[in-house]
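Right, one structure below, let's go through it.
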Amino acid sequence: MKDVTKIGFASALASLLVSTAVAQSPLPTFRPETIDSQVIIGYGTAIGDVDGDGKPDILLADKKQFVWYQNPDWKRHVIVENLTEHDNVCIAARDIDGDGKVEIAVGAQWNPGDTVNSGSVHYLVPPEDRTQMWTPIQLPHEPVVHRMRWVRISRHEFVLVVAPLHGRGNQGGQGAGAKLIAYHVPETATSPWTTEVLDDQFHVTHNFDVGVWDPESDSEAIFYLGKEGAKLIFRRDEKWVQKPLKNVQGGGEIRWGKLTDKSTYLTTIEPFHGTHLVIYQPAGQRPEDPETVRTEFSNRVVLDEKFNQGHAIAVGDLFGNGSQQIVAGWRNPNEERTIGVKIYFPDDEKPGSWKSAFIDENGMACEDLRIGDLDGDGRLDIVAAGRSTHNLKVYWNEGKK
């Protein structure tokens, strides 16, 4: 395939050729199970223990309802519905206080054509019985709220980070920058939430990832992607620091992963709502390497160029071999009239090359996906939500046959 672009050393080009042949030995068997066949638009997914029974549940931001599916029978519970006039769009779920139960925040009032009055952010207060309806608390927000994640900033403190699609009043990607905002959790949820702007330079953004960039730090870093490029945002001495991720092109989806304990990578879908799944590796791999080296990417490899409306990436060690593979999906039929979810992994026989295989071919118009061990067997499973297919599926990792 002619899907490799090289930044830097021309002599290494040959080693970056990509193979999309179906895997033979390392690929586990993934058994699909439909959890919900009546999803309207599966805007966003999350995995976390909602009821505190020690089992991870599945959460979904659907068009007009936020719901959770209770492990292990996947009974569907409505958290809140008809929150705003327009659609729901995103959900963040994580145990931030150490009680074994997730805290939930959501984004709604989705109207991407309105960059002035759209958007909403809500923290949801749980009832004693978490299978009942939750109470929303509206928080300040920017227009066109699109993605949110809980981010650890110290050993015992988290913030809610929210990214809008556009800047306020922005038209056609021109005008004010989109404000990436951190919300600090007050003592009681009904008290005022303080906020701070982490970035306002990108004019059109789509997603961000959260991960450990510095193993010596108690805080997590944000890998932030927009049409104009990518940047790293992290905490140092109780202040936010920004570093451009050099040579990373603009796009829509981004995830931070690792091949080994000493080898990391970024994976993106490019361009915005794009066609290409891409992997980058930094010039420096070790924490002691200078930041200017660790945030400069020396090569760009295209793993797939047949997406149409690529909209979801997750990374995780689904093979159980210490390396993190890439799972990605797209939501519109491509030139081959195919939609689906695929897994991408290094070719052990050809260092620097990658293979791929379908997890779901034509059964999932993938809007969002997550990875987690849902049944406690030590193997990571895949959760995906479909748009035009109106479904929510688990792909159970049954290991190698």
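The chain is numbered in sequence order, starting from 1.
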Proximity of Y280 and Y265 rings by center, below 6.0 Å: no
Under 3.5 Å side-chain donor-acceptor pair for E33 and W396: yes
At what distance, to the nearest 0.5 angstrom, does CG of D368 lie from CG of L60? 9.0 Å
Give a yes-or-no answer on whether the side chains of S120 and H122 include a donor-acceptor pair shorter than 3.5 Å. yes
Give a yes or no on whether a salt bridge exists between R379 and D377, defined as a side-chain N under 4.0 angstrom from a carboxylate O. yes
Side chain to side chain donor-acceptor pair (under 3.5 Å), that's the test. Do R76 and Q65 meet it? Break it down for me. CA-CA 11 Å; R76 184 179 187 272; Q65 293 181 325; 2.6 Å; yes
A side-chain contact here means heavy atoms from C-beta on lying under 4.5 Å apart; do R168 and T115 qualify? no
Any heavy-atom pair between the side chains of V197 and D199 that's under 4.5 Å? no
Using modelled atom types and a 3.5 Å cut-off, is there a donor and acceptor pairing between side-chain atoms of N397 and backbone atoms of F30? no
More than 12 heavy atoms from other groups under 6.0 Å of CG on D73: yes
Side-chain donor-acceptor pair present, S37, N391, cut-off under 3.5 Å: no
Ignoring hydrogens and angles, tell me if any N or O in the side chain of D200 forms a donor-acceptor pair with the backbone of A178 under 3.5 Å. no
Return yes if some donor-acceptor pair links the side-chain N/O of R255 with the main-chain N/O of T267 below 3.5 Å, else return no. no
In sequence, state the C-alpha distance, the side-chain angles, and the governing distance for F234 and I153, and then conclude on side chain to side chain contact (heavy atoms under 4.5 Å, CB included). CA-CA 9 Å; F234 60 99; I153 61 171; over 6 Å; no
Any donor and acceptor pair, going by atom type alone, linking the side chain of E367 with main-chain N or O of G44 inside 3.5 Å? no
Strictly distance-based, threshold 3.5 Å: is any side-chain N or O of R370 a donor or acceptor partner for the main-chain N or O of A46? no
Aromatic ring proximity, centroids under 6.0 angstrom, F208 and F223: no
Hey, would you say the W193 and Y123 ring centroids sit under 6.0 Å apart? yes
Could you give me the CA-CA distance, side-chain angles and deciding distance for K342 and D304, then say whether salt bridge (Lys or Arg N to Asp or Glu O under 4.0 Å) is met? CA-CA 10 Å; K342 294 179 75 174; D304 204 324; 3.3 Å; yes
Can you spot which of L180, I181, V151, V162 makes a side-chain contact (heavy atoms from CB on, under 4.5 Å) with L198? L180
Counting only heavy atoms not in E288, do more than 12 sit closer than 6.0 Å to its CD atom? yes
When every non-hydrogen atom of A230 is compared with those of I254, the smallest separation belongs to CB-CD1, 4.5 Å
Okay, side chain of E296, backbone of L245: is any donor-acceptor separation there less than 3.5 Å? no
Does a side-chain heavy-atom distance below 4.5 Å link R331 with I339? no
In terms of side-chain heavy atoms, does D36 have a donor or acceptor partner in Y69 at a distance below 3.5 Å? yes
Return yes when atom CG of D129 has more than 12 non-hydrogen atoms of other residues, nucleotides or ligands closer than 6.0 Å, and no otherwise. yes
Quick one, I47 and D57 - any side-chain contact, counting heavy atoms below 4.5 Å? no
Taking NZ, NE, NH1 and NH2 as the nitrogens, is one of them in E270 or R300 under 4.0 Å from a carboxylate oxygen of the other? yes
Step-by-step salt bridge (Lys or Arg N to Asp or Glu O under 4.0 Å) determination, D87 to K63: CA-CA 5 Å; D87 289 7; K63 180 180 175 71; 2.9 Å; yes
Between E228 and H203, do the side chains contain an N or O donor and an N or O acceptor separated by less than 3.5 Å? yes
Go through T34 and L392 one step at a time and tell me if the side chain to side chain contact (heavy atoms under 4.5 Å, CB included) criterion holds. CA-CA 6 Å; T34 299; L392 178 71; over 6 Å; no
E220 and W213: side chain donor to acceptor below 3.5 Å: no
Is it the case that K231 places NZ or CZ above or below the six-membered ring of Y224, under 6.0 angstrom from the centre and within 45 degrees of the axis? no
Test item: I40 and K64 side chains (from C-beta on) under 4.5 Å apart, heavy atoms: no
Measuring only between side-chain heavy atoms, which start at C-beta, is L165 closer than 4.5 Å to W110? yes
Does the side chain of H77 pick up a donor-acceptor pair with the side chain of Q132 at under 3.5 Å? no
I41 backbone acceptor or donor facing R387 side chain under 3.5 Å: no
Do I269 and V278 come within less than 4.5 Å of each other through their side chains, counting heavy atoms only? no
Would Y395 and D360 count as a side chain to side chain donor-acceptor pair (under 3.5 Å) if you check the C-alpha gap in whole Å, the side-chain angles of each, and the deciding distance to 0.1 Å? CA-CA 9 Å; Y395 303 94; D360 192 326; 2.6 Å; yes
Residues T131, Q70; criterion side chain to side chain donor-acceptor pair (under 3.5 Å); working and verdict: CA-CA 9 Å; T131 66; Q70 191 168 14; over 6 Å; no
For the residue pair Q38 / H390, report whether a side-chain donor-acceptor contact shorter than 3.5 Å exists. no
List the atom of G340, the atom of C366, and the distance in Å for their closest heavy-atom pair. O-CB, 4.1 Å
Tell me yes or no: between the side chains of H206 and H273, is some donor less than 3.5 Å from an acceptor? yes
Please determine whether side chain to side chain donor-acceptor pair (under 3.5 Å) holds for the pair Q324 and D317, giving the CA-CA distance in whole Å, both sets of side-chain angles, and the decisive distance to 0.1 Å. CA-CA 4 Å; Q324 290 185 328; D317 183 5; over 6 Å; no
Consider only side-chain N and O atoms of E398 and T29, and report whether a donor and an acceptor are under 3.5 Å apart. no
When you measure from the side chain of S323 to the backbone of L259, do you find a donor-acceptor pair of N or O atoms at a distance under 3.5 Å? yes
Just checking, any donor-acceptor pair under 3.5 angstrom between side chains of E336 and T338? no
Are side-chain heavy atoms of F307 and H276 found at a separation under 4.5 Å? no
Determine whether a donor-acceptor pair (N or O, by modelled atom type, separation under 3.5 Å) exists between the side chain of N332 and the backbone of N308. no
Give me the atom names and distance for the closest heavy-atom approach of L160 to A92. CD1-CB, 4.0 Å
In this structure, are over 12 heavy atoms from other groups packed under 6.0 Å from Q174 atom CD? no
Is H86 reaching over with its side chain to a backbone N or O of N111, donor-acceptor style, under 3.5 angstrom? no
